[in-house]
Colleague: 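One structure, pasted below without further comment.
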Amino acid sequence: MQGRAEIGNLRTFGLLLAALFIFVSGFFVSAGSYSGGWVPILSGYCDIEAVTSYTGWGIALGLLCATLLFVSVYIVSYPVLNTERERIVAVLLSSSIIFTDPRAVCFNSIYLAALCLVWVQFYVLRGEQYYIGFFLVSLASLFFAPVIWAIPIALLLVFTDMQDGLRKLLKAIGGMLTPYILFLSFRYMCFDDVGEFLHAFYGEMTKFSFGLFANHLSYIFLVLCTIIIVLRAMTQIVSGLRRTGIAEAHADKLQCINVLLNCTLFLMFCGAAGTPLSPLIGAPLAILLSKYFSAQANSAAAKIEWIILLCALVVARLGYFIS
C-alpha cells in the first residue's frame, strides 16, 4: 500500500515515554493484595501463591510472561498490521494497557491464558487451523475458567461461515474437547475427583464480579475513554471492510470479534478474586487501536483521541500515588 499513513514519530515517542513511565512506576505503587486465584489446571498439586507475590521469582516470571506476550503481539499482528511501525506501536500500547494494573508486574495465570488466546488468531488466520485454534481457547480456560464463555460464541461464528462450515465446526469441537478429555482423565487417574473439580470449575466460571467501579476514579476514566475510542475504531474498521481484500477483511473482522469477547470477559470478571485482567485485554486492544490510529493518522479527531488516551493512561497510574 503506497502512501499509507502512519503514526508520526512524535506521537510514537510520546507513547514510548508513557509506556516506560507506567512500567517503571509499577514497582513503586501499592497495588493491593492478590491471592493468585484458583487455577483449574494447577488445582490440587501446585501452590500458585508461591510465585504470584511480590518476590524475586514472582516478578521475574511476570516479566518473562509479559515479554513473551509482547513478542507474540508483534508476530501475530502481521495479518492485521502492515508496517513495522504499526506493530511496534501495538507492542507499546499493549505494555501500557497491561501495566496500568501494577499487579501485572508479578506472575499470574492470566498471562498464560492471554498467551493462548493471542495465538488463536495466528492459527485461525494462517491456514484456518481451527483444531489448534480451539485447542488453545480451551487450554486458556484451564488457566482462567471464565474464558469458557467465549467458546460457544466462537463456535457459533465458525458454524455460520457458510463456506465448508460443518467441517470447520467439527475440527473446532475436536480441538475444544481435547484438553478437557486429557486433563479430566489425568485427574480421574491421579486424584479421582472429577466431580469435585467440575463443581469448583462451575463455581469459578460463574463468579461474576462487576468490580470496575471499585477501582480508582482515574482508572474508571481510562476504561471509559478506551471504550469510546475502541467503539469508534471498530465502527471505522467495519465500515471499511468492503474496500479491503478478502484476507485483510477476514483478519480485521476476527480482530474486532476478539476485542469484543476479551473486553466482555474483562468487564464481567474484573473484580473476581482481585485478579489482574489487564493482560487479557492488552494484546487485542493494542492491535486494534494501532490499526485504527495508523489508518486515521491524518485525522484531527484521531490525533485528539490519541492525546486523550495517553493522558488517561498516565493519569490512571498517577491515581495510585494520590489515593
Side-chain angles (χ1 to χ4, degrees), residues 1-23 63-100 104 111 114-127 129 133 136 226 229-230 232-234 236-238 240-241 244-260 262-263 278-299 302-303 305-307 309-310 313:
M1 294 184 180
Q2 293 182 350
R4 181 183 176 91
E6 279 193 343
I7 298 173
N9 292 332
L10 184 60
R11 277 182 281 172
T12 305
F13 183 67
L15 174 61
L16 174 62
L17 292 179
L20 287 174
F21 168 71
I22 291 168
F23 171 69
L63 296 181
L64 174 61
C65 288
T67 302
L68 291 174
L69 188 56
F70 299 150
V71 172
S72 299
V73 168
Y74 186 89
I75 297 173
V76 171
S77 63
Y78 267 78
V80 181
L81 305 178
N82 297 285
T83 68
E84 185 174 355
R85 171 67 64 85
E86 291 176 347
R87 292 188 284 274
I88 291 174
V89 167
V91 171
L92 292 175
L93 276 172
S94 63
S95 172
S96 301
I97 294 170
I98 288 170
F99 290 119
T100 48
Y111 271 122
L115 279 167
C116 291
L117 293 176
V118 165
W119 282 96
V120 169
Q121 181 172 325
F122 177 85
Y123 284 105
V124 170
L125 290 178
R126 299 289 180 91
Q129 300 181 50
L136 289 173
T226 304
I229 295 173
V230 166
R232 179 172 159 81
M234 292 179 65
Q236 292 287 337
I237 291 172
V238 171
L241 290 179
T244 61
I246 296 176
E248 185 176 352
H250 181 57
D252 289 343
K253 182 168 64 174
L254 185 63
Q255 188 61 41
C256 290
I257 293 170
N258 194 13
V259 167
L260 283 176
N262 281 274
C263 288
S278 57
L280 197 66
I281 61 170
L285 278 181
I287 295 173
L288 182 79
L289 291 175
S290 180
K291 168 92 173 181
Y292 167 67
F293 283 120
S294 295
Q296 302 292 320
N298 297 323
S299 167
K303 292 178 181 178
E305 288 171 337
W306 179 269
I307 295 172
L309 179 61
L310 292 190
L313 287 166

Colleague: Does the side chain of Phe70 come within less than 4.5 Å of Ser94's, by heavy atoms?
Modeller: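 Yes, side chains in contact.
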
Colleague: What is the minimum heavy-atom distance between Thr100 and Ile22, and which atoms define it?
Modeller: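 Of all heavy-atom pairs spanning Thr100 and Ile22, the closest is N-CG2, 3.7 Å.
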
Colleague: Nearest 0.5 Å, please: how far is OH in Tyr111 from SG in Cys116?
Modeller: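 The SG atom of Cys116 sits 15.0 Å away from the OH atom of Tyr111.
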
Colleague: Shortest non-hydrogen contact from Ala114 to Pro279?
Modeller: CB-O, 3.3 Å

Colleague: Could you check if a side-chain atom of Arg85 sits within less than 4.5 angstrom of a side-chain atom of Asn9, using non-hydrogen atoms only?
Modeller: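 Heavy-atom side-chain distance check passes, below 4.5 Å.
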
Colleague: Which heavy atom of Ile98 sits nearest to which heavy atom of Gly282, and what is that distance?
Modeller: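 Looks like CG1-CA, 4.0 Å.
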
Colleague: Measuring from atom CG of Leu115 to atom SG of Cys65, what distance do you get when rounded to the nearest 0.5 angstrom?
Modeller: 6.5 Å

Colleague: Atom NZ of Lys253 and atom CD1 of Ile257: how far apart are they, to the nearest 0.5 Å?
Modeller: 6.5 Å

Colleague: So, taking the atom named CG in Leu313 and the one named CG in Leu93, what distance separates them when rounded to the nearest 0.5 Å?
Modeller: 7.5 Å

Colleague: Step by step, would you call Met234 with Tyr292 a side chain to side chain contact (heavy atoms under 4.5 Å, CB included)?
Modeller: CA-CA 8 Å; Met234 292 179 65; Tyr292 167 67; over 6 Å; no

Colleague: Only one of Val118, Thr67, Val91 clears side chain to side chain contact (heavy atoms under 4.5 Å, CB included) with Ser72; which?
Modeller: Val118

Colleague: Is Arg11 reaching over with its side chain to a backbone N or O of Ala297, donor-acceptor style, under 3.5 angstrom?
Modeller: yes

Colleague: Any chance you could measure Asn262, atom CG, to Ile281, atom CD1, to the nearest 0.5 Å?
Modeller: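 These two atoms lie 8.5 Å from each other.
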
Colleague: Taking atom OG of Ser95 and atom CG of Leu20, what is their separation to the nearest 0.5 Å?
Modeller: 8.0 Å

Colleague: May I ask you to test the Leu15-Trp306 pair for a side-chain heavy-atom distance under 4.5 Å?
Modeller: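 Yes - at least one pair of side-chain heavy atoms lies under 4.5 Å apart.
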
Colleague: Do Leu289 and Leu309 touch side chain to side chain, with heavy atoms closer than 4.5 Å?
Modeller: yes

Colleague: Of all heavy-atom pairs between Leu288 and Val230, which one has the smallest distance, and what is that distance?
Modeller: CD2-CG1, 3.8 Å

Colleague: Answer yes or no: is there a side-chain heavy-atom contact under 4.5 Å between Ile287 and Val73?
Modeller: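 Yes, their side chains come closer than 4.5 Å.
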
Colleague: Going by heavy atoms in the side chains, are Thr83 and Ser294 under 4.5 Å from each other?
Modeller: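 No. Closest side-chain heavy atoms not under 4.5 Å.
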
Colleague: Report the C-alpha separation of Thr226 and Ile97 in whole Å, then their side-chain angles, then the decisive distance to 0.1 Å, and conclude whether the side chain to side chain contact (heavy atoms under 4.5 Å, CB included) test is met.
Modeller: CA-CA 10 Å; Thr226 304; Ile97 294 170; 5.7 Å; no

Colleague: May I ask you to decide if the ring planes of Phe122 and Trp119 are parallel, tilted or perpendicular, using 30° and 60° as cut-offs?
Modeller: perpendicular

Colleague: Quick check: closest heavy atoms across Phe293 and Ala302, and the distance to 0.1 Å?
Modeller: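 Smallest heavy-atom distance, with atoms named: CE2-O, 3.4 Å.
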
Colleague: Give the minimum heavy-atom separation between Leu310 and Gly14, together with the two atoms involved.
Modeller: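 Scanning both residues completely, I find the closest heavy atoms to be CD1-C, 4.0 Å.
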
Colleague: Verify, without hydrogens or angle tests, whether Arg87 (side chain) and Ser77 (backbone) share a donor-acceptor contact under 3.5 angstrom.
Modeller: no

Colleague: Run through Glu248, Glu86, Gln121 and flag the one making a side chain to side chain contact (heavy atoms under 4.5 Å, CB included) with Val80.
Modeller: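 Of Glu248, Glu86, Gln121, side chain to side chain contact (heavy atoms under 4.5 Å, CB included) with Val80 is met by Gln121 alone.
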
Colleague: Less than 4.5 Å apart, any side-chain heavy atom of Lys291 and any of Gln255?
Modeller: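 Not touching, per the 4.5 Å side-chain cut-off.
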
